[in-house]
Amino acid sequence: MRERTIQELTQIALRFRDERHWKQFHNPKDLALTLVLEAAEVLEHVQWRNARELEGHLRQRKTEVADELADVLHVILLMAEHLDIDLGDAFIKKMAKNAKKYPVEKSRGSAKKYTEL
């Protein structure tokens with residue numbers, strides 16, 4: 001399967017929304033709430049499992065986890081479109097900020113927050 005661009009994925013999400021006349025329900029607050037709820041469904045797959053159990057569970061439930069991640073992406077695409085945010089551009093800019101906050105020489109192999117480096 002070929003890779004899809006953010007723009008293509010956004011068009012698929014918008015077509016799905018518009019065919020169902022759901023735009024009327026999409027406002028920043030409700031999209032943000034939905035994003036958190038969908039992300040919580042990802043968390044359910046890791047809750048109460050130790051490292052060994054988690055690895056096996058995620059391998060066995062890969063399709064279900066993929067579905068939940070796709071739901072999160074769907075809401076992100078809708079919210080970005082609603083707020084007129086270019087996700088590709090926003091991602092590149094954020095990664096540049098992160099590179100300054102987490103310089104390789106200070107952060108390599110460390111899980112510390114940038115304020116602790």
Engineer: Is atom NZ of Lys93 surrounded by more than 12 heavy atoms (other residues, nucleotides or ligands) closer than 6.0 Å?
Structural biologist: no
Engineer: Please name the pair of heavy atoms, one in Ala13 and one in His74, separated by the smallest distance, quoted to 0.1 Å.
Structural biologist: CB-CD2, 3.5 Å
Engineer: Heavy-atom count around Glu8 CD within 6.0 Å, excluding the residue itself: above 12?
Structural biologist: yes
Engineer: Between Asn98 and Lys101, is any pair of side-chain heavy atoms under 4.5 Å apart?
Structural biologist: yes
Engineer: Crowded around Glu105 CD? As in, over 12 foreign heavy atoms under 6.0 Å?
Structural biologist: yes
Engineer: Would you say Tyr102 and Lys113 make side-chain contact, with heavy atoms under 4.5 Å?
Structural biologist: yes
Engineer: Without swapping roles, check the side chain of Arg59 against the backbone of His57 for a donor-acceptor pair under 3.5 Å.
Structural biologist: no
Engineer: Do other residues, nucleotides or ligands put more than 12 heavy atoms under 6.0 Å from Arg52 CZ?
Structural biologist: no
Engineer: Might you point out which heavy atoms bring His82 and Asn27 nearest each other, and give the distance in Å?
Structural biologist: NE2-CA, 4.0 Å
Engineer: Run the side chain to side chain contact (heavy atoms under 4.5 Å, CB included) check on Glu68 and Val72 step by step: do they pass?
Structural biologist: CA-CA 6 Å; Glu68 300 305 345; Val72 170; 5.8 Å; no
Engineer: Can you tell me how far apart CD (Glu44) and CD (Glu64) are? Round to the nearest 0.5 Å.
Structural biologist: 11.0 Å
Engineer: Check whether more than 12 heavy atoms from other residues, nucleotides or ligands sit under 6.0 Å from atom CZ of Arg61, and answer yes or no.
Structural biologist: no
